[in-house]
Undergrad: 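Once you've had a glance at the structure underneath, I'll fire off some questions.
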Amino acid sequence: MSVSPNSEVRLLGTSEVVRNILADIDCAARSGAKVLITGETGVGKEVVARLIHHRSARAAGKLVTVNCAGLPDSLLESELFGHVRGSFTGAYRDKPGLLEMAPNGTVFLDEVGEMSARMQVVLLRFLETGEIQRIGADRSHTRVNVRLITATNRDLPKEIAAGNFREDLFFRLNVIRMTIPPLRERIEDVPLLFDHYLALYCEQHRVERPEISQAALDVLLGYRWPGNIRELRNVAERIALKSVGQILRPADLPSELLKPAQGAPLVAGAAAPTHSAQVEEMTQRMLRHGESFWSVVYPVFMARDLTRADLRRIVEIGLESTNGNYRLLVALYNMPNEDYKRFLGFLRKHNCHLPFQRFRTIPSRVSSGNVPRTPVAAAG
Amino acid sequence: MAQESAPATTDGRGPVVIVDDDVSCLAAVEQIVRHWGHDTVTFRSFEDARAYLASATPAVVIVDVRLGNYNGLQLIHFSQERSPATQWLVVSGFDDPVLRKEATKLGALFLTKPLDLGKLKEHLERNERPATSA
């Protein structure tokens, strides 16, 4: 629970998703209507709420944030509406509610989906009258002029169907709806975001900022980011605290990023035994005779004369020779660098994209063995 | 996104835009409005209506409050600036005083279902007058 200053907030990214959100933020800011922000945990719902406030006519007023989760009813009610002295044990003096503390400002209710049925009724009534009554107060109603922005990571229509959320409250809160997509749906923003947070935390902790290796970047781009931007920020901070040295390698990243994603296309080893003569011949043509994957393997696979297991074996051979580096593999199989994305897309489409991590473990140490891993001493 | 506005009918009136995710309601209103001699453009989802309104400036929009995950009022908020002359009719299956107040504040007419057809007709006729006399 906080009363924030008009601090600088930004929504980072250049993807179309971000551009659309920014356009919607401007629309929502100008309108002054209640906004419901939905999206997974860590996508930046609070950032969006702040931007709406700062770009609105209420920017001169305060923005008060209240997290509705994890607070018992009585406490949440007292936080929002305030109480008078003696209204309950521990209420030693009059206390104004947060709704009173942002006149002509904005109140941001986070995790509104966690509100109890009783609090939902209280909020519903407030929306209707615009009046607040401190707990324990007789009849002294105060009218407040605040704009309400709410957020939740719950699927409210589903909660309504399950009887956990009031439909009438939902419709009153959901005048303007903004849905913030998860990070994996704007994965193209990951390099920019990671770079930003890494620079930020390295400066904060006064360590030298490592250069991100291509392989590490591939890991970042291949990860599902279930915790979204908050998780990415945490990873960046952990990297900064670890002081990895001059170059950030996949091995420096937290282990959960290196585990194959759930539902990954292939179980390691499943393709291993089928080592047919056809596979042998094709890899020889590519490795020894400089023929391209697109002319040797692709047409045969598309004509269904090559099984998925065979294709996986070909990929596996490539990864074994390149320490699990798909970019090198593209070169190894005589494809132009620009085909990297197309090649990975092709493998994914046919469930033949192997997790590269298990090919990386041993030899990468050899190449990085000489890089000193001593932390850079903090200046000052 | 296309920049051209909605196709105008021969007498200079734009079509009446109807947005409702309930197909039978949409069809019923469409039929009645057509019967009164107006052209119609219909949308079954918020997203489609929003995309249309990004480039069109219709004279009248009839919009249901409940549009899947969205509130019909959002269409007014997001298009009013671009299309200030558009008249909005907000239709709701339940009479929520808060939503009624918000719709009225936006200059929209708030009607509850079942629709009062007399009121609807009156409103549509009132709106076409300035356009035809111009």
Side-chain angles (χ1 to χ4, degrees), chain A residues 16 19-39 52 55-57 113 120-121 123-131 145 147-150 152-161 165-181, chain B residues 1 3 19-22 43-57 61 63-84 86 88-108 110-113:
Chain A
E16 199 187 339
R19 286 203 305 274
N20 288 340
I21 294 172
L22 285 170
D24 282 2
I25 285 173
D26 282 331
C27 278
R30 282 197 296 268
S31 80
K34 285 186 273 294
V35 182
L36 174 66
I37 305 167
T38 58
I52 293 173
R55 294 181 182 192
S56 74
Q120 289 177 37
V121 176
L123 187 60
L124 196 71
R125 201 171 53 217
F126 167 70
L127 292 177
E128 192 158 345
T129 61
E131 289 174 345
N145 175 6
R147 178 192 202 172
L148 218 54
I149 299 180
T150 49
T152 182
N153 55 20
R154 291 197 182 224
D155 182 352
L156 287 184
K158 211 185 257 174
E159 297 294 327
I160 291 167
F165 203 83
R166 291 185 66 112
E167 194 176 19
D168 44 3
L169 180 59
F170 171 69
F171 271 93
R172 288 181 185 180
L173 297 176
N174 187 41
V175 175
I176 290 178
R177 170 66 161 268
M178 293 197 52
T179 308
I180 316 300
Chain B
M1 221 169 278
Q3 283 303 307
V19 193
D20 197 329
D21 63 351
D22 181 331
F43 297 101
R44 284 176 55 189
S45 76
F46 172 88
E47 289 87 347
D48 292 347
R50 192 182 169 189
Y52 173 81
L53 289 166
S55 58
T57 51
V61 180
V63 60
D64 193 358
V65 165
R66 295 182 187 215
L67 292 175
N69 277 332
Y70 293 90
N71 189 318
L73 293 177
Q74 184 166 351
L75 283 180
I76 311 183
H77 282 294
F78 278 22
S79 1
Q80 211 173 29
E81 202 164 291
R82 221 188 58 76
S83 178
T86 301
W88 294 84
L89 283 95
V90 177
V91 176
S92 175
F94 58 105
D95 190 5
D96 185 306
V98 173
L99 294 179
R100 178 184 281 274
K101 207 169 109 190
E102 292 203 15
T104 316
K105 216 164 74 188
L106 288 166
F110 189 86
L111 299 172
T112 46
K113 288 181 185 177

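We name chains A, B, ... by the order of the sequence lines, and we start the count at 1 in each one.
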Undergrad: Quick one: CG on B:L99 to CG on A:L127, what's the gap to the nearest 0.5 Å?
TA: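 The CG atom of A:L127 is 10.0 Å from CG of B:L99, to the nearest 0.5 Å.
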
Undergrad: Any non-hydrogen side-chain atom of B:Q80 less than 4.5 Å from a side-chain atom of A:C27?
TA: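 With C-beta onward as the side chain, the pair stays apart.
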
Undergrad: Is chain A contacted by the side chain of B:F94, its backbone, both, or neither, given a heavy-atom distance below 4.5 Å?
TA: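 Side chain only.
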
Undergrad: Taking B:L106, B:L73, B:L75, B:N71 one by one, which has the highest count of heavy-atom pairs under 4.5 Å against chain A?
TA: B:N71

Undergrad: Please report the shortest heavy-atom distance between B:Q74 and A:V175, naming the atom on each side.
TA: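 So the two residues come closest at CB-O, 3.2 Å.
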
Undergrad: Verify the neighbour count for atom CZ of B:R44: are there more than 12 heavy atoms of other residues, nucleotides or ligands below 6.0 Å?
TA: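 No.
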
Undergrad: Just how far is it from atom CG of A:N174 to atom CZ of B:R66, taken to the nearest 0.5 Å?
TA: 11.0 Å

Undergrad: Got B:D96 and A:F171 here, is their nearest side-chain heavy-atom distance under 4.5 Å?
TA: no

Undergrad: Within the side chain of A:R172, is there an N or O that forms a donor-acceptor pair under 3.5 Å with the backbone of B:V98?
TA: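 It does not hold such a pair.
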
Undergrad: Quick check on A:D26 against chain B: is it the side chain, the backbone, both or neither that has a heavy atom closer than 4.5 Å?
TA: neither

Undergrad: Heavy-atom distances under 4.5 Å only: say whether A:T129 touches chain B with side chain, backbone, both or neither.
TA: neither

Undergrad: Any side-chain to backbone donor/acceptor pair from A:E128 onto B:P97? Under 3.5 Å, distance only.
TA: no

